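Worksheet for the structure shown next.
Values in this document were obtained by computation on a predicted structure and should not be read as measured data. All chains are named by letter (A, B, ...) in the order of the sequence lines, taking the proteins before the strands, and each is independently numbered beginning at 1.
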2 protein chains.
Amino acid sequence: MDQDATCCPGLAAAPLDDERATELARVFKAMGDPVRLRLLSMIASREGGEVCVCEMTPAFDLSQPTISHHLKLLRQAGLIDCERRGTWVYYWAVPGALDTLAGFLTTKQTDLAARRTTGATRQTAGPTAQTAGATP
Amino acid sequence: MDQDATCCPGLAAAPLDDERATELARVFKAMGDPVRLRLLSMIASREGGEVCVCEMTPAFDLSQPTISHHLKLLRQAGLIDCERRGTWVYYWAVPGALDTLAGFLTTKQTDLAARRTTGATRQTAGPTAQTAGATP
DNA sequence: CGTCAACATAGAGAAATGTCGAAACAAGAG
DNA sequence: CTCTTGTTTCGACATTTCTCTATGTTGACG
């Protein structure tokens with residue numbers, strides 16, 4: 001469900017509205033922690049795409065509940081998903097999530113076109129165009 | 001300076017080491033706030049690339065010191081930079097920062113090749129390959 | 001049914017973060 | 001020089017986040 005929020009316009013296309021910024025911030029915040037970033041990388045770099053929790057936990061100097069908590073945040077951000085098989089739980093990267101996010105950050109030509117459409121974004125009074133006068 | 005940390009291997013190429021994950025987490029954490037994300041988008045979507053603080057502040061229901069604080073965090077993350085011209089201060093997006101970050105998230109074929117080189121990443125004992133036995 | 005192992009959840013405390021008002025700093029105007 | 005405007009810095013406080021220990025849940029195995 002988070003994928004829909006990160007799909008279309010691009011960050012450099014037009015100023016984000018508050019609602020969309022909030023959704024996106026949740027995803028970036030999930031990646032704003034070294035432990036979660038390592039977990040995500042550990043999962044995304046797997047070919048089969050499946051990593052057992054019992055494999056990730058001993059890679060950190062953290063307790064097992066802490067790792068479980070971080071995995072939960074990554075899952076709530078829509079970056080990974082999991083399934084229980086017998087005793088063990090396996091995590092994998094949600095297929096298009098990272099690429100969608102990457103496309104959102106890329107300042108591609110599509111964004112430039114969209115930017116021109118949006119045009120002037122001056123919402124308040126102030127020195128917008130005639131700023132050169134202040135720097136002789 | 002943060003660009004060097006986000007340039008080379010790719011998140012899905014191989015598991016991140018602790019040091020690199022810490023550097024990257026600082027950048028993602030800077031984008032993990034709705035206000036900062038809107039500020040960054042507001043700056044990055046400008047053609048000239050320069051946005052005056054006096055133009056950004058009234059777009060939020062926040063005090064001016066708070067906006068200044070968020071801009072400082074974005075600048076420390078290496079995403080934007082600023083310069084004072086007369087009374088006003090102008091911010092712009094650091095040229096390759098967003099695209100570098102996007103490339104780091106993209107799960108491209110280069111990463112697949114690098115992943116094969118790294119090979120087996122099993123660091124502990126556990127059910128790695130023979131997991132099918134647990135699910136009849 | 002009882003026991004054990006693997007994960008998840010709940011609650012608590014320490015640390016980090018977001019926000020504000022007050023004050024300091026910078027630069028142009030009178 | 002003084003005054004005004006724009007911006008940053010400084011403390012202070014409320015909220016969130018990170019981590020732990022303790023407990024609950026699920027499934028395998030006798």
Across all chains, not counting sequence neighbours, the side chain to side chain donor-acceptor pair (under 3.5 Å) partners of B/S68 are none
Contact class for B/Y91 vs. all strands (heavy atom < 4.0 Å): base, sugar-phosphate, or nothing? sugar-phosphate
Numerically ordered, the residues 62-74 of chain B set in heavy-atom contact under 4.0 Å with DNA chain C is B/L62, B/S63, B/P65, B/T66, B/H69, B/H70, B/L73
- Item | Side-chain touch A/F28/B/L37, heavy atoms, less than 4.5 angstrom | yes
note: A/M56, atom CE; C/dA6, atom P; distance rounded to Å ~ 15 Å
Would a distance-only check, ignoring hydrogens and angles, find a side-chain to backbone donor-acceptor pair under 3.5 Å from B/S41 to A/L11?
yes
When rounded to whole Å, the CZ to C1' distance for the pair A/F60 and D/dC18 reads 14 Å
To the nearest angstrom, the CH2-P distance between A/W88 and C/dC4 comes to 18 Å
Taking 4.0 Å as the cut-off, does a side-chain nitrogen or oxygen of B/K29 come that near to OP1 or OP2 on C/dA16? no
From the candidates D/dT19, C/dC7, D/dT7, the one with an atom nearest any side-chain atom of B/V53 is D/dT7
Those residues at least two apart in sequence (or on a different chain) that pass side chain to side chain donor-acceptor pair (under 3.5 Å) with B/D81 are none
- Does A/Y90 have a side-chain nitrogen or oxygen under 4.0 Å from the phosphate oxygens OP1 or OP2 of C/dA6? no
Rounded to whole Å, the CD1-C1' distance (A/I80 to C/dA8) equals 14 Å
note: B/D33, atom CG; D/dT15, atom P; distance rounded to Å ~ 17 Å
Between CG of B/L39 and P of C/dT19 the distance, given in whole Å, is 10 Å
Whole-Å distance, A/R26 CZ to D/dT16 C1', equals 14 Å
Tightest non-hydrogen contact, residues A/K29 and B/G32, listed as CE-O, 2.9 Å
Q) Any donor-acceptor pair under 3.5 Å linking the side chain of A/D99 with the backbone of B/T107? A) yes
CG (A/L62) and OG1 (A/T57) are apart, to the nearest 0.5 Å, by 9.5 Å
For B/H70, the side chain to side chain donor-acceptor pair (under 3.5 Å) test, sequence neighbours excluded, returns B/R36
Answer yes or no: does a side-chain N or O of B/R85 lie under 4.0 Å from OP1 or OP2 of C/dA27?
no
Using a cut-off of under 3.5 Å, enumerate the N/O to N/O pairs linking the protein to nucleotides 24-26 of chain D.
{"from": "D/dT26", "atom 1": "O2", "to": "A/R84", "atom 2": "NH2", "distance (Å)": "3.2"}

The side chain to side chain donor-acceptor pair (under 3.5 Å) partners of B/E83 (sequence neighbours excluded) come to B/R85
note: B/E55, atom CD; D/dT7, atom C1'; distance rounded to Å ~ 15 Å
